[in-house]
Amino acid sequence: MGKSKVLVVGGTGYIGRRIVKASLEQGHETYVLQRPDIGLETEKVQMLLSFKKLGAHLVEGSFSNHQSLVDAVKLVDVVICIMSGVHFRSHNLMLQLKLIEAIKDAGNVKRFLPSEFGMDPALMGHALEPGRVTFDEKMTIRKTIEDANIPFTYISANCFAAYFAGNLSQMGTLFPPRDKVVLYGDGNVKVVYMDEDDVATYTIKTIDDPRTLNKTIYIRPPENILTQRELIEKWEKIIGKQLEKSTISEQDFLSSMKGLDLASQVGVGHFYHIFYEGCLANFEIGDGEEASKLYPEVQYTRMDEFLKLYA
């Protein structure tokens with residue numbers, strides 16, 4: 001068996017561009033969907049052309065043209081979709097229903113990886129409004145995939161380091177504080193922080209692996225399961241200075257949601273589940289698999305190494 005051919009939908013996005021590169025680096029013939037609604041976004045056009053230079057194929061297709069999606073899907077064995085599901089960018093998860101219809105009609109796809117890459121939505125049935133829409137929509141997509149008997153792998157990649165580690169998990173900034181830092185509660189809840197390039201590497205490793213067929217894969221390598229306090233300690237060690245710490249209680253944190261715009265309310269809800277409930281690491285992996293155990297050869301980025309970039 002040769003390596004699967006891969007179609008990446010959403011290849012110019014934050015995680016998508018990394019998936020394209022990882023697919024090429026791991027020797028897969030890689031296609032990137034080129035959508036007409038890219039319009040005049042020169043950065044995305046230049047990114048697509050840079051993928052071509054690296055050896056990827058661009059294939060035209062539109063969510064408003066079913067046959068174009070079917071034709072694109074027929075070129076490959078594996079489809080990976082990375083639509084944005086965060087409210088401060090664009091929130092397009094339900095567009096995937098059109099892609100699933102195309103996969104059904106094409107009939108040739110050996111594996112579909114839908115747009116997941118965060119918390120496991122199957123464990124978030126209790127999530128707070130308004131942020132629960134992300135999990136509800138992901139579960140609708142899962143049900144549609146499974147009802148259609150499309151082979152799948154779901155990737156739970158936890159907290160992207162650039163959004164959650166580089167800022168010591170502070171909201172509203174992406175840089176680490178050098179003087180004062182806010183702890184969520186006692187700061188001792190376990191969180192999982194992942195370098196985004198590593199997420200892409202692990203994701204591509206799953207696509208031809210029979211062990212990951214119709215499974216949820218948790219990217220939860222042991223050395224990246226850290227409390228917020230442990231993350232802060234790593235930064236303090238790097239800069240040789242103790243930060244002044246204050247705490248915000250669960251009640252005060254939830255109260256801070258009042259009067260915020262929708263995107264900010266969603267963010268507060270998700271932060272609550274991560275940093276107060278501990279939803280990323282407060283369960284045993286049952287029917288799923290853990291990526292770093294499946295692929296011990298991947299030298300994943302530890303967070304002290306990641307934080308050194310910011311010093």
Side-chain angles (χ1 to χ4, degrees), residues 2-35 38 41-61 72-73 75-86 89-90 92 96 99 109-118 153-166 174 192-209 212 217-219 221 224 291-292 294-303 305-306 308-309:
K3 292 198 171 199
S4 285
K5 296 178 184 177
V6 178
L7 172 66
V8 181
V9 179
T12 59
Y14 181 64
I15 295 298
R17 69 188 78 160
R18 293 170 165 84
I19 297 279
V20 173
K21 286 178 180 166
S23 178
L24 289 166
E25 281 166 8
Q26 292 182 41
H28 294 272
E29 191 172 332
T30 305
Y31 294 77
V32 183
L33 194 70
Q34 178 187 326
R35 288 156 56 195
I38 203 166
E41 293 190 56
T42 51
E43 285 184 6
K44 288 187 176 181
V45 172
Q46 286 174 347
M47 198 180 301
L48 287 171
L49 295 176
S50 75
F51 295 153
K52 265 187 91 169
K53 277 187 188 170
L54 293 172
H57 309 280
L58 304 184
V59 54
E60 290 187 34
V73 166
L75 295 169
V76 299
D77 310 297
V78 172
V79 178
I80 305 175
C81 185
I82 317 98
M83 307 296 292
S84 175
V86 290
R89 287 176 179 264
S90 53
N92 299 321
Q96 292 180 98
L99 184 59
V109 168
K110 294 180 193 162
R111 196 83 64 99
F112 177 43
L113 281 66
S115 194
E116 295 249 345
F117 300 98
T153 298
Y154 303 140
I155 304 287
S156 174
N158 299 298
C159 286
F160 296 151
Y163 284 107
F164 289 92
L174 294 176
V192 186
Y193 299 97
M194 282 306 304
D195 178 274
E196 292 84 341
D197 291 336
D198 294 342
V199 169
T201 299
Y202 282 122
T203 298
I204 296 299
K205 289 221 170 247
T206 69
I207 63 177
D208 283 333
D209 188 343
T212 62
I217 305 306
Y218 299 91
I219 307 180
N224 283 9
S292 71
L294 291 178
Y295 313 111
E297 69 277 10
V298 175
Q299 296 297 308
Y300 64 89
T301 304
R302 275 63 170 176
M303 287 302 107
E305 190 185 330
F306 180 83
K308 280 176 188 166
L309 291 168

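When a residue number appears, it is its place in the shown sequence, counting from 1.
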*Kindly compute the distance separating CG (Leu49) from CG (Leu54), expressed to the nearest 0.5 Å.*
11.5 Å
_Residues Val8, Ile82; criterion side-chain contact (heavy atoms from CB on, under 4.5 Å); working and verdict_ = CA-CA 8 Å; Val8 181; Ile82 317 98; 3.5 Å; yes
*Of the non-hydrogen atoms in Met194 and Tyr202, which two are nearest, and what is the gap between them?*
CE-CE1, 4.1 Å
*Measure from the side-chain N and O atoms of Asn224 to the backbone N and O of Thr301, and report whether any donor-acceptor pair falls under 3.5 Å.*
yes
*Evaluate side-chain contact (heavy atoms from CB on, under 4.5 Å) for Leu75 paired with Lys5, printing each intermediate quantity in order.*
CA-CA 8 Å; Leu75 295 169; Lys5 296 178 184 177; over 6 Å; no
*Spacing of Lys53 atom NZ and Gln46 atom CD [to the nearest 0.5 Å]*: 9.5 Å
*Between Arg111 (side chain) and Val109 (backbone), is there a donor-acceptor pair under 3.5 Å?*
no
_On a heavy-atom basis, which atom in Leu33 and which in Ala72 lie closest, and how many Å separate them?_
CD1-CB, 4.0 Å
*Has the side chain of Asn158 got a donor or acceptor atom that lies under 3.5 Å from a matching backbone atom of Ile219?*
yes
*Who passes side chain to side chain contact (heavy atoms under 4.5 Å, CB included) against Glu43, sequence neighbours left out?*
none
*Indicate the atoms forming the closest heavy-atom contact of Tyr295 with Thr206, along with that distance.*
OH-CA, 3.4 Å
_Working to the nearest 0.5 angstrom, can you tell me the gap between Glu60 CD and Arg35 CZ?_
13.0 Å
*With sequence neighbours excluded, what pairs up with Ala165 under the side chain to side chain contact (heavy atoms under 4.5 Å, CB included) test?*
Ala161, Tyr193, Leu231, Met303, Phe306
*Do Ile38 and Leu48 pass the side-chain contact (heavy atoms from CB on, under 4.5 Å) test, and can you show the C-alpha distance, the side-chain angles, and the key distance before you say yes or no?*
CA-CA 11 Å; Ile38 203 166; Leu48 287 171; 3.6 Å; yes
*Of all the heavy-atom pairs spanning Tyr31 and Glu29, show the shortest one and how long it is.*
OH-OE2, 2.7 Å
Anything under 3.5 Å between a donor and an acceptor, one on a side chain of residues 20-27, the other on a protein residue two or more places apart or in another chain? List them.
from, atom 1, to, atom 2, distance (Å)
Ser23, OG, Thr30, OG1, 2.7
Gln26, NE2, Thr201, O, 3.1

_Flag, side chain of Asp208 to backbone of Lys3, donor-acceptor distance under 3.5 Å_ = no
*Would you call Ser156 and Tyr154 a side-chain contact if the rule is heavy atoms closer than 4.5 Å?*
no
*Which atom of Glu196 lies closest to which atom of Ala162, heavy atoms considered*: OE2-N, 3.0 Å
*asked:* Suppose we screen for side chain to side chain contact (heavy atoms under 4.5 Å, CB included). Which residues come up paired with Leu174, at least two apart in sequence or across chains?
replied: Tyr163, Asn167
_Applying side chain to side chain contact (heavy atoms under 4.5 Å, CB included), can you list everything that pairs with Leu294, at least two apart in sequence or on another chain?_
Arg211, Thr212, Ile217, Glu289
*Mind checking what makes side chain to side chain donor-acceptor pair (under 3.5 Å) contact with Gln34, not counting sequence neighbours?*
none
*Any sub-3.5 Å donor-acceptor pair from Gln96's side-chain atoms to Ser115's backbone N or O?*
yes
*When rounded to the nearest 0.5 angstrom, what distance separates CD in Gln299 from OG in Ser292?*
11.0 Å
*asked:* If I take atom OH from residue Tyr218 and atom CD1 from residue Ile155, how far apart are they, to the nearest 0.5 angstrom?
replied: 11.0 Å
_Residue pair Ser4 / Val78: nearest heavy atoms and the distance that separates them_ = CB-CG2, 3.7 Å
*Would you indicate whether the side-chain heavy atoms of Leu7 and Val73 approach each other to under 4.5 Å?*
yes
*Do Asp195 and Glu305 have side-chain heavy atoms sitting under 4.5 Å apart?*
no
